[in-house]
Amino acid sequence: MTPFTYRRAAGPAEALTLVDMPDAMFLGGGTNLVDLMRERIARPATLVDVTALSSAIEERDGALRIGAAASNSSVAEHRIVRDRYPLLARAILAGASAQIRNMATVGGNLLQRTRCTYFYDAAGSRCNKRVPGSGCDAVDGFNRIHAILGASPACIATHPSDLCVALAALDAEVELVSAQGVRTLPLTDLHRLPGDRPDRDTVIEPGELITAVTLPALSGEMRSTYRKVRDRASYAFALVSVAAAIEVRNGTVADVRLALGGVAAKPWRARIAENALIGGPASIAAFRAAAAAELAAAVPLSGNGFKIELAARTITAVLAELSEGDA
């Protein structure tokens, strides 16, 4: 492993002061950073332990603020999360093992990097995300798990997080702190599509640190869930996942939130499907049509064309399950 300097922040203020270090990479963000260091893909000159950041989960004016250092397990087990945001709890429980959930943090989960095989194969594969301009071997290679939405010729990798898909559906906001102050942005704007710069996963600027995620209040009439379709029942990344919340009144869709995982380089908020559904009937036919509209822009590769139908069926099944009894 590449030699590096390790710094432990004495407290939140010290952790934020260290953000100004130009050569630092922050272990408080990036769940798989150590894996990438072992493979010599990431070579930080300095690691800063930011576990002194807040892990509090607290209500503020009807919203729920979750500190970046909160563990995934503590979020999934929190009473308010289980009662008001069940899709978030289910998304977390669908990811990784209990041991990893106990250690992984919210901030780290947001900044984890793709699990594309070619990204990890530093010795034998071309990867524009790892070495810009080198090419993408996944395009003509084994691409069964790769993106069908928002990809580019430069990169077809997918974002691996379950938590982020749920947060995208919930209109979560991310709090970022730097020497210039505090800014917030929607979770849906945090991650980038690859374009011609797949090496940049997020819009986070140098010197910025994630300090919290905030969930706005969700209508008590909305039902929500998270469904993950994968090759095996545990410890596997999604082929397709769906985070959904829907409110049905007298057979009509009054409100709906929908996000997809396993299909793009970022959590995919399904705005086209949402717009097609609101104000219309809560029916199987309507759900299927909305899914088809969302997936009309999908571009299948040699090995992942099945994802289009899989995503459509999963969206339809999840929305039908949530609206059952109200439609």
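If you read the sequence from its start, that first residue is 1, and numbering goes on from there.
Summarising the geometry, atom CG belonging to L209 is positioned 5.0 Å from atom CG belonging to L53; distances are rounded to the nearest 0.5 Å. How far SG of C127 is from CD1 of I41: 8.0 Å, rounded to the nearest 0.5 Å. Interatomic distance, CG of L239 versus OG1 of T158, reported as 9.5 Å (0.5 Å rounding). The OG atom of S71 sits 11.0 Å away from atom CD1 of I66, with the distance rounded to the nearest 0.5 Å. Rounding to the nearest 0.5 Å places CZ of R130 at 10.0 Å from CD of E39. L111 CG to C164 SG: the interatomic distance, rounded to the nearest 0.5 Å, is 8.5 Å.
Contact detail for A154 and G195: the closest heavy-atom pair is CB-O, 3.5 Å. Here the shortest heavy-atom pairing between A68 and T105 reads O-CB, 3.4 Å. In this structure, T316 and R288 approach most closely via the heavy-atom pair OG1-CA, 3.5 Å. Of all the heavy atoms in L215 and Y85, the pair that sits closest is O-OH, 3.6 Å. Counting all heavy atoms, side chain and backbone alike, H146 lies closest to L301 at CB-CD1, 4.3 Å. Of all heavy-atom pairs spanning H191 and K266, the tightest one is O-NZ, 3.2 Å.
In this structure, L36 and V34 have side chains that are not in contact, with every pair of non-hydrogen atoms separated by 4.5 Å or more. Put simply, the side chain of L187 does not reach to within 4.5 Å of the side chain of E173, judged on heavy atoms. The side-chain heavy atoms of P160 and Q112, taken from C-beta on, include a pair separated by under 4.5 Å. No side-chain heavy atom of I315 sits under 4.5 Å from any side-chain heavy atom of R227. With contacts defined as side-chain heavy-atom distances shorter than 4.5 Å, the pair V299/I148 does not qualify. Here the side chains of C136 and I156 are in contact, with some heavy-atom distance below 4.5 Å.
The hydrophobic cluster containing V240 also contains F306, counting ILVMFWY residues as joined when their side-chain heavy atoms lie under 4.5 angstrom apart, directly or transitively. The hydrophobic cluster containing L149 also contains V229, counting ILVMFWY residues as joined when their side-chain heavy atoms lie under 4.5 angstrom apart, directly or transitively. Hydrophobic clustering (ILVMFWY, side-chain heavy atoms < 4.5 Å, transitive): L110 and F237 are in distinct clusters. Linking ILVMFWY residues whenever their side-chain heavy atoms come closer than 4.5 Å, directly or via other members, places F287 and V263 in the same cluster. Under the 4.5 Å side-chain heavy-atom criterion for Ile, Leu, Val, Met, Phe, Trp and Tyr, V50 and M103 are members of distinct hydrophobic clusters.
Formation of a donor-acceptor pair under 3.5 Å by the E274 side chain with backbone atoms of L258 is found in this model. Although no hydrogens or angles enter the test, the distance criterion places a donor-acceptor pair under 3.5 Å between the side chain of N143 and the main chain of G303. Between the T314 side chain and the L310 main chain, a donor and an acceptor come within less than 3.5 Å of each other. E208 places a side-chain N or O within donor-acceptor distance of the main-chain N or O of E205, the cut-off being under 3.5 Å. Under a 3.5 Å cut-off, the side chain of K129 and the backbone N or O of D199 do not form any donor-acceptor pair. Side chain of D189 to backbone of L185: no donor-acceptor contact under 3.5 angstrom is found. A donor-acceptor pair is defined here as one N or O able to donate and one able to accept, closer than 3.5 Å; such a pair exists between the side chain of S73 and the backbone of N102. Without hydrogens or angle criteria, D137 side chain to R126 main chain gives a donor-acceptor distance under 3.5 Å. A donor-acceptor pair under 3.5 Å is formed between the side chain of R101 and the backbone N or O of G95. Judged by distance alone, with hydrogens and angles left aside, the side-chain atoms of K307 form a donor-acceptor pair with the main-chain N or O of I145 at under 3.5 Å.
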Determine, stepwise, if the pair V253 / I246 fulfils side-chain contact (heavy atoms from CB on, under 4.5 Å). CA-CA 7 Å; V253 178; I246 190 170; 4.1 Å; yes

Start with the C-alpha gap between I278 and V256, add the side-chain angles, then the distance that decides, and say whether side-chain contact (heavy atoms from CB on, under 4.5 Å) holds. CA-CA 7 Å; I278 292 177; V256 65; 3.8 Å; yes

Is there a side-chain contact (heavy atoms from CB on, under 4.5 Å) between D171 and R269 once you walk through the steps? CA-CA 9 Å; D171 290 325; R269 183 67 183 265; 2.6 Å; yes

Please assess R249 against E221 for the test salt bridge (charged side-chain N to carboxylate O under 4.0 Å, His left out), listing each intermediate value before the final yes or no. CA-CA 9 Å; R249 299 176 189 166; E221 302 301 317; over 6 Å; no

Take R223 and E247 through the test side-chain contact (heavy atoms from CB on, under 4.5 Å) and record every step on the way to the result. CA-CA 6 Å; R223 296 179 178 179; E247 181 179 352; over 6 Å; no

Kindly determine whether T225 and R90 satisfy side chain to side chain donor-acceptor pair (under 3.5 Å), including the steps that lead there. CA-CA 7 Å; T225 194; R90 291 172 183 171; 2.8 Å; yes

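Between R79 and E59 there is no salt bridge, since no side-chain nitrogen of the basic residue lies less than 4.0 Å from a carboxylate oxygen of the acidic one. Under 4.0 Å is where a charged nitrogen must lie from a carboxylate oxygen, and between E294 and R271 no such pair does. D201 and R113 are joined by a salt bridge, as a carboxylate oxygen and a charged side-chain nitrogen come within less than 4.0 angstrom of each other. For the pair E175 and R183, the salt-bridge criterion is not met [side-chain N within less than 4.0 Å of a carboxylate O].
Under 3.5 Å, the side chains of S241 and Y226 contain a donor-acceptor pair of N or O atoms.
With L88 as the partner, the side-chain contact (heavy atoms from CB on, under 4.5 Å) test is satisfied by one option alone out of L93, V165, V75, L64: V75. The only member of N32, D35, T114 that meets side chain to side chain donor-acceptor pair (under 3.5 Å) when paired with Y120 is N32. For the side-chain contact (heavy atoms from CB on, under 4.5 Å) criterion with N109, the lone passing option out of L167, I92, L163, D162 is L163.
Environment of CG in D140: sparse, with no more than 12 heavy atoms of neighbouring residues, nucleotides or ligands closer than 6.0 Å.
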